[in-house]
Amino acid sequence: MTNGAALLVAALENEGVDRIFGVPGEENLDVLDALRRSRIELILTRHEQSAAFMAATHGRLTGRPGVCLSTLGPGALNLATGAAYAHLGAMPMVLITGQKPIMSSRQARFQIVDVVATMKPLTKVARQIVSAASIPTLVRDAFRVAMEERPGPVHLELPEDIAAEELADPPPLVPPHPVEIPVAQAAALDRAAGMILAAERPLIMLGAAANRPRLAAGLLDFVRRTGIPFFTTQMGKGSVAGGTELYMGTAALSERDHVHVAIDRADLIIAIGHDTVEKPPFLMGPSGPRVIHVGYTPASVEQVFFPHAEVVGDVGPSLRLLADRLDGKLPNAGALLPLRAQILGRILDRAEEGRFPPTPQRIVHDVRQAMPEDGIVALDNGMYKIWFARNYRTRVANTLLLDNALATMGAGLPSAMMAAMLYPQRRVLAVCGDGGFMMNSQEMETAVRLRLNLVVLILDDGAYGMIRWKQAVDSFPDFGMTFGNPDFVRYAEAYGAKGWRIARTEDLVPTLEAAFAAGGVHLVATPVDYTENTRVLVEELRAMVPAQPSA
């Protein structure tokens, strides 16, 4: 005899799940007991939102769905932000929530909300399990849907009585099998090749979907074989390993960023893996460059993105076939390369400025000095993300984790924790603003309990800096964006971590080195000076806005 909960856990083991993140409740007790007897490790978090961020980051880094667990009602609703994070960010994830029994109603409507209806717009599929016998097929389908393009979250609700349902003759598990994606059609490849051969100033753009774990080698091969320079969106950053000398920069803004010197001169942009959930890296118009969309799925047509041709199919093999048509036939491939030195030179501006508090450019520079090529930096969301996206040079794929889709605060620390679990021998650094860090700072206890090797860098400006900047851009008075912070050193120590405070700009690199060398969980707090950078960005953004006609 087995019950529904044991069958669920067996189905998860069948999918290769080795960790589940979450905060169980009364309605999960059968599942919890089945986990106790399984090979799956339960990672108990201090908030369900963090569990979802960790599961999503597992999907992002491995291509295999991470799994998170919560109870009904309030616990399930706390997963909603993480579901949206995975949905917009195309991260495969499976969310499992509990529910009161559906065959009886001994507690009436206590804690009951319609979680399945809530999750439907935030997931690819949301289902309630109404029969224990259906669990193997529902779990297999959940993982299939979560992984297929476009990846994302899938929600399963397991009511308490279905979890406890006894099965004398349980159904067999459904074995996973590989699914190959078709490559692009020959006609599409020929059309794209013709446009590229005719281009005088081609440029490659690598978007969010270019960062799929399985795609790194294919992208590098295509870039090297064509010799066409490339830039990235924020979430496409790091998709091609360093050393090609073809990287032109990252678009941290939609217009007038350093890399737009090249974008604005291109007559053809090959957009590989662009996902329009991401903030636009450039704005298409009637007189702009022609655009080829290369993706696993057809392009989403938007006001600022409407490609002129599409290559749809498994991106790696399709790019190989496209490169076969272009090899040795692109005399204009490097036409925009002379702009590279100018763009990268502007990125380095003020990177070694010694004033205190340090500028964001100096912080990015120093973080790069402390991180080896395979070190992973996980960003939260805040003002500093612009400079990390623009200035941080990646040399290994998937080593700068940032969110430019939902762009939620609070994800940086849990994402870094997941990276530290997956890659315990690599340096992992969370970079958080003081506002974003405090949204899930309780997970410091989880990191210490799990004995992770993790350094958390907090940029302390006592404000919600990004919104404060937008307030200035729109000429609103400075109001309602500042707050007080705890003593971060003592805060870290209260969790059993080691706390550090930066008092001189030149101390940041040696402090990070010392923290990494010591191992364990460390929190490093540094003030940051956004003043001059904010002024420049405000002037740049105001220059983008057309003047309003007078009355």
> Are side-chain heavy atoms of Leu72 and Thr97 found at a separation under 4.5 Å?
Replying inline: no

>> If we ignore hydrogens and angles and just use 3.5 Å, is the side chain of Asp403 paired with the main-chain N or O of Asp380 as donor and acceptor?
In response: no

> For Asn440 and Ser50, what are the C-alpha separation, side-chain angles and deciding distance, and is it a side chain to side chain donor-acceptor pair (under 3.5 Å)?
Replying inline: CA-CA 7 Å; Asn440 275 312; Ser50 299; 3.0 Å; yes

>> Just verifying a value: how many Å separate Ile135 CD1 and Leu158 CG, rounded to the nearest 0.5 Å?
In response: 5.5 Å

> Roughly how far, to the nearest 0.5 Å, is the CG atom of Leu35 from the CG atom of Asp30?
Replying inline: 11.0 Å

>> Any donor-acceptor pair under 3.5 Å linking the side-chain atoms of Glu149 with those of Thr297?
In response: no

>> How close do Ala52 and Leu79 get, counting heavy atoms only, and between which atoms?
In response: CB-CD2, 4.0 Å

> Any donor-acceptor pair under 3.5 Å linking the side chain of Arg362 with the backbone of Glu353?
Replying inline: yes

> Just by modelled atom types, is the Asp374 backbone N or O under 3.5 Å from a matching donor or acceptor in the Arg395 side chain?
Replying inline: no

>> For Thr123 and His87, which I'm curious about, is there any donor-acceptor pair between the side chains at under 3.5 Å?
In response: no

> Is the charged tip of Lys385 near the ring of Trp387: under 6.0 Å from the six-membered ring centre and within 45° of its axis?
Replying inline: no

>> What I want to check is whether the side chains of Thr250 and Thr232 have a donor and an acceptor closer together than 3.5 Å.
In response: yes

> What heavy-atom pair brings Thr45 and Ala51 nearest, and what distance separates the two atoms?
Replying inline: OG1-CB, 3.6 Å

> Under the 3.5 angstrom rule, does the side chain of Asp161 hit a backbone N or O of Met103 as a donor-acceptor pair?
Replying inline: yes

>> List the residues meeting salt bridge (charged side-chain N to carboxylate O under 4.0 Å, His left out) with Arg490, not counting sequence neighbours, and say none if there are none.
In response: none

> Would Leu422 and Thr62 count as a side-chain contact (heavy atoms from CB on, under 4.5 Å) if you check the C-alpha gap in whole Å, the side-chain angles of each, and the deciding distance to 0.1 Å?
Replying inline: CA-CA 9 Å; Leu422 287 171; Thr62 67; 3.8 Å; yes

> Minimum heavy-atom separation for Phe143 to Pro65, with atom names?
Replying inline: CD2-CG, 3.6 Å

> In Å, rounded to the nearest 0.5 Å, how long is the span from CD of Glu506 to OG1 of Thr511?
Replying inline: 10.0 Å

> Do Tyr247 and Lys237 have a side chain donor and acceptor closer than 3.5 Å?
Replying inline: yes

> Does the side chain of Arg390 reach to within under 4.5 Å of the side chain of Leu253, using non-hydrogen atoms?
Replying inline: yes

> Can you find a heavy atom in the side chain of Leu512 that is under 4.5 Å from one in the side chain of Arg427?
Replying inline: no

> With distance as the sole test, does Glu160 use its side chain to make a donor-acceptor pair with the main-chain N or O of Asn28 at under 3.5 Å?
Replying inline: no

>> Run the side-chain contact (heavy atoms from CB on, under 4.5 Å) test on Val17 and Val9 for me, step by step, so that the C-alpha distance in whole Å, both residues' side-chain angles and the decisive distance to 0.1 Å come before the verdict.
In response: CA-CA 9 Å; Val17 175; Val9 171; over 6 Å; no

>> Would you say that Leu44 contacts Thr446 through its side chain, given a criterion of any heavy-atom pair below 4.5 Å between the two side chains?
In response: no

> For Arg368 and Val377, what are the C-alpha separation, side-chain angles and deciding distance, and is it a side-chain contact (heavy atoms from CB on, under 4.5 Å)?
Replying inline: CA-CA 9 Å; Arg368 180 67 276 179; Val377 175; over 6 Å; no

>> With a 6.0 Å cut-off (strictly less than), is the heavy-atom count around CZ of Arg214, excluding the residue itself, greater than 12?
In response: yes

> Hey, are the side chains of Phe53 and Leu413 touching, using non-hydrogen atoms and a 4.5 Å cut-off?
Replying inline: no

> Does any non-hydrogen side-chain atom of Pro281 lie less than 4.5 Å from one of His274?
Replying inline: yes

> Is it true that a side-chain atom of Thr233 and a backbone atom of Gly236 form a donor plus acceptor pair closer than 3.5 Å?
Replying inline: yes

> When rounded to the nearest 0.5 angstrom, what distance separates CD in Glu513 from CG in Asp366?
Replying inline: 10.5 Å

> Of all residues at least two apart in sequence or in a different chain, which pass the side chain to side chain contact (heavy atoms under 4.5 Å, CB included) check with Ala430?
Replying inline: Ala416, Cys432, Val456

> Taking everything shown except Arg140 itself, do over 12 heavy atoms lie less than 6.0 Å from its CZ?
Replying inline: yes

>> Checking Glu148 now: which residues fulfil salt bridge (charged side-chain N to carboxylate O under 4.0 Å, His left out) with it, not counting sequence neighbours?
In response: Arg144

> Checking Asp460 side chain against Asp434 main chain: does a donor-acceptor pair fall under 3.5 Å?
Replying inline: no

> Should Tyr384 and Val364 count as side-chain neighbours, where that means a heavy-atom distance under 4.5 Å?
Replying inline: no

>> Check Arg127 with Glu157, please: is the shortest side-chain N to carboxylate O separation under 4.0 Å?
In response: no

> For Ala126 and Met119, which heavy atoms make the closest approach, and how far apart are they?
Replying inline: CB-CB, 4.0 Å

>> Would the distance check show the side chain of Asn391 and the main-chain N or O of Phe388 forming a donor-acceptor pair, the cut-off being under 3.5 Å?
In response: no

> Rounded to the nearest 0.5 Å, how far apart are CZ of Phe21 and CD1 of Ile43?
Replying inline: 5.5 Å

>> Salt bridge or not between Arg468 and Asp478? Use side-chain N to carboxylate O under 4.0 Å.
In response: yes

> With a 4.5 Å heavy-atom cut-off, do Leu457 and Thr526 have their side chains touching?
Replying inline: yes

> Between Met421 and Leu450, is a side-chain contact (heavy atoms from CB on, under 4.5 Å) present by the stated rule, with each step listed?
Replying inline: CA-CA 9 Å; Met421 284 181 243; Leu450 296 175; 4.0 Å; yes

> Considering all heavy atoms of both residues, which atom of Thr408 and which atom of Asn381 are nearest to each other, and what is their separation?
Replying inline: O-ND2, 2.8 Å

> Under 3.5 Å, is there a donor-acceptor pair between the side chain of Glu15 and the main chain of Pro175?
Replying inline: no

> Donor-acceptor pair, Glu278 side chain versus Met235 backbone, under 3.5 Å?
Replying inline: yes

> Of the non-hydrogen atoms in Ala86 and Met93, which two are nearest, and what is the gap between them?
Replying inline: CB-CE, 3.7 Å

> CG of Leu401 to CE of Met418: how many Å apart, nearest 0.5 Å?
Replying inline: 11.0 Å

